[in-house]
Amino acid sequence: MPYSAEISRSNPTCFVFLVDQSASMGDPIGGEVQSIKAAVVSDAINRLLTELSVKCAKEEGVRDYFHVAVIGYGHTSVGSAFGGTLRGLDLVPLSQIADNPARVDERVKKVPDGAGGIVETTKSFPVWMDPIYNGGTPMREALELARGLVDKWITEHPACFPPIVLNLTDGESTDGDPTEAAAAIRALASSDGDALLFNLHVSDAGGSAVTFPDDVEGLPDSYARTLFEMSSPLPPHMRTYAEQEGFKVSDDTRGFVYNADIVSVVQFLDIGTRATDLR
Amino acid sequence: MRASIATYYLHKGGCAAEEYEDAFAVCPELSQAGVPDVAKVRLAIADGASESVLAGAWARLLGKHFTLNVPGVFEQPLTFARHTVSATESFESALYDYVAERAAHGRPLRWYEQRKLDRGAYATLLAVGFFNPYEGDVLAPTDDRGWTAAAIGDSGFFQVRDGRLLVAFPMVRSAEFSTSPGLLNSRNRDVHLVAQHVRMRAGDVRPHDDIYLCTDAVAAWFLAEAERGGHPWKILNDLRSEGGPHFTDLITEERAAGRMRNDDATLIHVAVR
């Protein structure tokens with residue numbers, strides 16, 4: 001059965017995050033919270049890296065069940081979005097990520113004081129990537145870079161749980177049609193199944209999100225349909241998890257969210273990186 | 001009636017032996033007991049959840065805690081739950097020592113360990129007490145010796161009599177096993193919550209009964225074999241016989257054949273004679 005390989009230190013898998021860093025990512029995100037899209041996406045990825053590190057932590061350190069790349073694509077370049085000592089690196093073992101945040105911010109958080117009121121407290125927030133936004137959207141080049149990383153990974157780990165590429169963007173590709181590059185990623189396979197490509201489109205104008213659709217109906221334009229067609233179906237364990245989270249799913253449900261607000265960015269990353277069986 | 005007790009364990013394939021995070025405990029201790037009166041036996045088996053920190057330590061503490069001969073523990077869910085909360089207090093104290101020791105050895109906790117420790121360690125627990133009803137402390141034995149089992153999660157208790165499976169507890173079918181069993185958290189001080197989730201069962205004991213306690217991988221295998229019409233207890237009984245298989249070989253073979261999940265494997269076998 002595909003997508004059932006055990007994820008272990010001797011048989012790890014990888015995540016490749018592709019982050020749109022074009023100028024429009026500096027616009028506000030739709031929804032109630034006042035924040036720019038680039039900040040919402042980088043916060044969500046920093047939070048995910050924190051959660052992954054904690055999830056895989058054991059007494060001896062963080063276990064390398066996953067290797068992770070965060071690739072930014074914008075005006076200046078397509079390449080690693082890590083800051084600090086990881087700057088310039090693509091796929092990095094999770095233990096090195098956990099031990100090398102670029103910095104640790106202190107963020108103010110409001111929590112109940114236990115007596116019906118609210119108090120402010122600070123919480124440390126490890127940061128690996130910062131929000132950057134300028135220029136165009138070289139999505140095709142980013143997908144090609146991801147294909148190269150996934151291809152090399154599968155050559156070195158032929159029995160791994162299939163690699164997952166998660167693309168977070170707010171606009172159309174400015175360097176040509178991305179569909180071929182996307183199909184080239186999905187055509188790669190380990191013995192446990194095809195590599196997965198999930199896409200998330202970040203909203204800037206509000207409107208309701210289309211989350212994990214199973215057909216193109218309800219998608220507003222050809223751009224949304226293109227992203228849908230570029231996205232892999234969710235494997236069974238992710239479908240089950242999405243269903244538990246209250247989404248309507250079918251065998252054709254794709255790893256795709258259109259017009260995402262902050263909540264659906266987090267849900268997309270949570271469901272799209274859900275592991276089956278860590279050993 | 002006497003209890004001849006044997007214990008077996010093996011870490012999961014691909015991991016180091018010291019990464020074994022199941023635990024088991026037997027009272028009286030096997031090295032001292034010889035073949036004890038069955039009514040004096042306490043057993044516990046626990047499966048530390050590999051996604052938590054110090055899960056093995058928590059499982060070992062639970063094993064020891066529930067084989068202490070504390071009167072009343074098995075009387076009802078609430079008394080059992082109170083005993084689990086006293087285990088969480090002991091663990092908190094052990095944790096304090098662990099953190100201090102790490103700091104003293106120049107290896108203070110990293111940020112991710114601290115966050116994970118704040119969430120507590122998780123383990124399943126199956127504890128069994130055997131009793132003489134004339135001495136009290138029992139749910140409802142129907143014969144001159146009885147047992148009471150209490151379980152949180154998917155570790156399994158099986159009783160075989162006259163060549164057939166008499167009791168399977170708490171799981172009765174192999175299909176019931178999942179990747180998210182009930183777990184006892186080391187920070188859970190809510191007695192009523194634990195009492196709601198603990199499952200208890202009692203039964204009698206007769207000469208020539210065989211009783212098995214095992215963590216989930218072995219338990220699921222045991223039930224699947226029985227569902228196929230097999231007699232997994234005969235295979236486990238053979239572990240004791242001269243010339244019989246070694247536990248390590250048996251588990252390795254069953255894993256390789258895809259009949260057993262690759263996980264820590266632990267078994268306590270009580271042969272009542």
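Heavy-atom neighbours of chain A within the stretch residues 221-230 of chain B, taken at a separation under 4.5 angstrom, are nonexistent. Of all residues in residues 87-100 of chain A, those placing a non-hydrogen atom less than 4.5 angstrom from a non-hydrogen atom of chain B are A98(A), D99(A).
The nearest pair of heavy atoms linking E59(A) to E113(B) is O-OE2, 3.4 Å. Between W111(B) and V54(A), the closest heavy-atom pair is CZ3-CG2, 4.1 Å. Considering every non-hydrogen atom in both A57(A) and K116(B), the closest pair reads O-NZ, 3.0 Å.
Applying the salt bridge (charged side-chain N to carboxylate O under 4.0 Å, His left out) test to every pair with at least one member in residues 231-250 of chain A, sequence neighbours left out, gives these pairs: R239(A)-D251(A).
Atom CZ of R107(A) has more than 12 heavy atoms from other residues, nucleotides or ligands within 6.0 Å. Atom CZ of R189(B) has more than 12 neighbouring heavy atoms from other residues, nucleotides or ligands inside a 6.0 Å radius. Atom OH of Y9(B) sits in a sparse spot, with 12 or fewer heavy atoms from other residues, nucleotides or ligands closer than 6.0 Å.
Within the 4.5 angstrom heavy-atom criterion, no atom of E18(B) approaches chain A. Both the backbone and the side chain of V62(A) come within contact range of chain B, with heavy atoms under 4.5 Å apart.
Salt bridge R261(B)/E6(A): absent, no basic N to carboxylate O contact under 4.0 Å. Under the 4.0 Å criterion applied to side-chain N and carboxylate O atoms, E51(A) and R119(B) are assigned as salt-bridge partners.
Here the side chains of E21(B) and K58(A) are in contact, with some heavy-atom distance below 4.5 Å.
Interatomic distance, CZ of R115(B) versus OG of S53(A), reported as 9.5 Å (0.5 Å rounding). Note that the SG atom of C15(B) and the CZ atom of R63(A) stand 6.0 Å from one another [nearest 0.5 Å].
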Would you list the atom pairs, donor with acceptor, under 3.5 Å between side chains in residues 153-164 of chain A and any protein atom, with sequence neighbours excluded?
from, atom 1, to, atom 2, distance (Å)
T155(A), OG1, D151(A), O, 2.8
E156(A), OE2, K152(A), NZ, 3.2
H157(A), ND1, W153(A), O, 3.1

